[in-house]
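Everything quoted here is computed from the prediction, not taken from an experiment. Excluded from the calculations below are hydrogen atoms, water molecules and symmetry mates; all remaining heavy atoms, backbone and side chain alike, are included. Within every chain, numbering begins at 1; the chains are lettered A, B, ... in the order of the sequence lines, protein sequences first and strands thereafter.
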Protein chains: 2
Amino acid sequence: MFKKVLIADDLISVNSGVETLLNELHIPQITKVQYCDDAYLKIKEAHKNGQAYDLLITDLSFIPDHRTQKIISGKQLVVVLKKEFPKLKIIVYTVEDKAGLADNLINTQHINGYVSKGRNGLAELKEALKLVAKDKTYISPAIQQIITGSATKNITHNDIILLQLLSQGMPQSQISNYFKTHQLSPSSLSAIEKQLNRLRDYFGAKNATHLVSIAKDLGLL
Amino acid sequence: MFKKVLIADDLISVNSGVETLLNELHIPQITKVQYCDDAYLKIKEAHKNGQAYDLLITDLSFIPDHRTQKIISGKQLVVVLKKEFPKLKIIVYTVEDKAGLADNLINTQHINGYVSKGRNGLAELKEALKLVAKDKTYISPAIQQIITGSATKNITHNDIILLQLLSQGMPQSQISNYFKTHQLSPSSLSAIEKQLNRLRDYFGAKNATHLVSIAKDLGLL
DNA sequence: GCTCTCCTTACGGAAAACCGTAAGGTTTTG
DNA sequence: CAAAACCTTACGGTTTTCCGTAAGGAGAGC
């Protein structure tokens, strides 16, 4: 089991609840923070001192307040940490029940667990801790069901990029150029159109605007 | 101060935290529920028995689980209750820090308070309880600042409808027809175009897709 | 009454999105 | 190797969006 764990959640009540669970599991070193920046600094310093954390349990949404922060979301925190400290295990513990988001984080950021807070979130978190300690990946059943169930399968990284650019108001011609300069293929305008057509079909969207709306609802964006 | 209060939040930890606060304020009757349907039924029954609740404190997002529910979000719950029991005061207590959403709920549903959970959410909730008891409306300072600050002012109900239809993939010509049949004016295609132009300008959107994306981020949709 | 202003509608042209078809390449397969 | 299947790109036409300009109408103020 883990020896040194960092908990990052802005809500004190949640934060404490997780700590209680970790105590039950007899984890010796537990640190709690309420800001992403604090989480990053703690992990960086511990690593430098040769006393690295085994695990980070983090929320995704951190409510901004008077303290200006460099890292303002759990997603950003995950991206930065997984890049800088690949060995650090990360469990995301959040209320966001978006399957697309979970899928995204697991496949592109390689997080080790995605647990949705909920009526019995702590029980799921306990299960996740056991599995992740054994180098496995845990996803909350509800989320897992949605992912394997229907939507958000067959969606490639290119699709996500296309949807992101689209949601930023970029016309298809420019998206084609973007794909060319970033060496994403296929990149022709015709190919972009085809890709979009496929996505519209897949999600049952009437047009690009509708498509972006659906993607945002699913948490893909 | 209030005598009979219902708390609706799916997360037990939050639920308990609020209860503790209400105890401190010496509120005699406190009920907790974890589902929107339960909240609705409790309120309906209490009203029928002539022992109506004074106040509902509710979250907005309720995570779905095995129990199938008729009312699946706090927003739906608010709409239903404010229609059926206009005298019931409602404070929304949520992590959603979307100014557009708060604005929307206050102006169209006439909720009495919008408190964002956060690092000192309970302190704000306490303040809200005092004000709402005096028939005033409370909005968390952070949210208030955003609303009065810049965005989401000057956005009419028609604008919201337009954005919603747009996000559902409806072409402008059909939106014009929709406005005509629902007696919303102006309704001509030209007017719809103009309205859209204004909204694009206002939010700095490049096109309709971008506009919908921004509106969703702000919580207007 | 009148004019002025504001709101709504109408129109025309350029840009972009949408849609089908087909040509040129590449990979797979027998 | 050759045929087939698949992928990528190209092109033309229709619809929709975007944008400027202008005409028609209602109301405000003089």
Side-chain angles (χ1 to χ4, degrees), chain A residues 151 153-218 220-221, chain B residues 107 151-218 220-221:
Chain A
K153 280 191 302 188
N154 310 332
I155 300 300
T156 69
H157 189 54
N158 273 18
D159 289 335
I160 301 292
I161 295 175
L162 173 55
L163 288 170
Q164 282 172 344
L165 296 177
L166 212 58
S167 77
Q168 293 163 17
M170 192 181 285
Q172 294 176 16
S173 55
Q174 280 185 41
I175 293 178
S176 170
N177 292 335
Y178 181 96
F179 268 50
K180 282 191 177 74
T181 57
H182 289 73
Q183 286 158 8
L184 303 170
S185 81
S187 64
S188 71
L189 176 57
S190 192
I192 302 292
E193 285 182 354
K194 193 148 292 188
Q195 193 180 348
L196 258 174
N197 205 358
R198 186 173 56 76
L199 286 170
R200 274 203 308 275
D201 244 38
Y202 187 76
F203 289 109
K206 293 175 186 170
N207 55 33
T209 303
H210 193 194
L211 179 61
V212 165
S213 174
I214 293 171
K216 278 185 113 64
D217 283 342
L218 290 174
L220 286 168
L221 302 183
Chain B
N107 288 322
T152 73
K153 281 190 303 189
N154 309 332
I155 301 300
T156 69
H157 189 54
N158 273 18
D159 290 335
I160 302 292
I161 294 175
L162 173 55
L163 288 170
Q164 282 171 343
L165 296 177
L166 212 57
S167 77
Q168 292 163 18
M170 193 181 285
Q172 294 175 16
S173 54
Q174 280 185 41
I175 293 179
S176 170
N177 292 334
Y178 180 96
F179 269 51
K180 282 191 177 74
T181 57
H182 289 73
Q183 285 157 8
L184 303 169
S185 82
S187 64
S188 71
L189 176 58
S190 192
I192 301 293
E193 286 181 354
K194 193 148 292 188
Q195 193 180 349
L196 258 174
N197 204 359
R198 186 173 55 77
L199 286 170
R200 274 203 307 276
D201 245 37
Y202 187 77
F203 289 109
K206 293 176 186 169
N207 54 34
T209 302
H210 193 195
L211 179 61
V212 165
S213 173
I214 293 172
K216 278 186 114 61
D217 283 342
L218 290 174
L220 286 168
L221 301 183

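Of all the heavy atoms in B:Gln164 and B:Leu221, the pair that sits closest is CG-CD2, 3.6 Å. For the residue pair A:Ile175 and A:Met170, the shortest heavy atom distance occurs at CD1-O, 3.6 Å. Annotation for B:Leu163 and B:Ala215: closest pair CD1-CB, 4.1 Å, computed over non-hydrogen atoms. The shortest heavy-atom contact between B:Lys216 and A:Ser213 is NZ-OG, 3.3 Å.
At whole-Å resolution of the value, NZ in B:Lys206 and P in D:dC19 are 13 Å apart. Across the protein-nucleic acid pair, A:Asn197 atom CG and C:dA16 atom P stand 20 Å apart, rounded to whole Å. Taking atom CD1 of residue A:Ile192 and atom P of nucleotide D:dT8, one finds them 11 Å apart after rounding to whole Å. Rounding to whole angstrom units, CG of residue A:Leu199 and P of C:dA17 are separated by 15 Å. Spacing between atom CD of A:Gln195 and atom P of C:dA17 amounts to 14 Å, rounded to whole angstrom units. Look at CD1 on A:Ile175: it is 12 Å from C1' on C:dA16, rounded to the nearest Å. The distance between atom CZ of B:Phe179 and atom P of C:dT9, rounded to the nearest whole Å, is 11 Å.
Between B:Asp217 and B:Phe203 the shortest side-chain heavy-atom distance does not fall below 4.5 Å. A 4.5 Å side-chain heavy-atom check between B:Leu184 and B:Ile161 finds at least one atom pair inside the cut-off. Two residues are said to be in side-chain contact when any heavy atoms from C-beta on lie closer than 4.5 Å; A:Leu199 and A:Ile155 meet this criterion. Looking only at side-chain heavy atoms (C-beta outward), A:Glu193 and A:Asn197 stay at 4.5 Å or farther from each other.
With rounding to the nearest 0.5 Å, the separation of CD in B:Gln172 from CD1 in B:Ile192 is 8.0 Å. Here the straight-line distance linking atom CZ of B:Phe179 with atom CG of B:Asn158 works out to 5.0 Å at 0.5 Å rounding. For the atom pair CG of A:Leu162 and OG1 of A:Thr156, the computed distance is 9.0 Å after rounding to the nearest 0.5 Å. Atoms OG and OH, on A:Ser187 and A:Tyr178 in that order, are 13.0 Å from each other to the nearest 0.5 Å. The line from NZ of A:Lys206 to CD of B:Gln168 is 7.0 Å long, rounded to the nearest 0.5 Å.
Side-chain nitrogen and oxygen atoms of B:Gln172 include at least one within less than 4.0 Å of the OP1 or OP2 phosphate oxygen of D:dC18. Within the structure, a side-chain polar atom (N or O) of B:Arg200 is placed less than 4.0 Å from OP1 or OP2 of D:dC19.
A donor-acceptor pair is defined here as one N or O able to donate and one able to accept, closer than 3.5 Å; no such pair exists between the side chain of A:Thr209 and the backbone of B:Ser167.
Within residues 163-171 of chain A, no residue has a heavy atom under 4.0 Å from DNA chain D. Near-neighbour residues of DNA chain D inside residues 207-215 of chain B, defined by a heavy atom below 4.0 Å, number-ordered: B:Asn207, B:Ala208.
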Enumerate the protein-to-nucleotides 10-13 of chain D contacts in which both atoms are nitrogen or oxygen and the separation is below 3.5 Å.
from, atom 1, to, atom 2, distance (Å)
D:dA10, N7, A:Ser190, OG, 2.9
D:dA10, N6, A:Ser190, OG, 3.2

Between the protein and nucleotides 24-28 of chain C, list every N/O to N/O distance that falls short of 3.5 Å.
none

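Listed by first residue number, the stems of DNA chain D with at least three Watson-Crick or G-U pairs below 3.5 Å are C:1-30 with D:1-30.
Between the side chains of B:Lys180 and B:Ser176, at least one donor N or O sits under 3.5 Å from an acceptor N or O.
Each salt bridge (Lys or Arg N to Asp or Glu O under 4.0 Å) pair with one or both residues in residues 157-171 of chain A, not counting sequence neighbours, appears once here: A:Asp159-A:Arg198.
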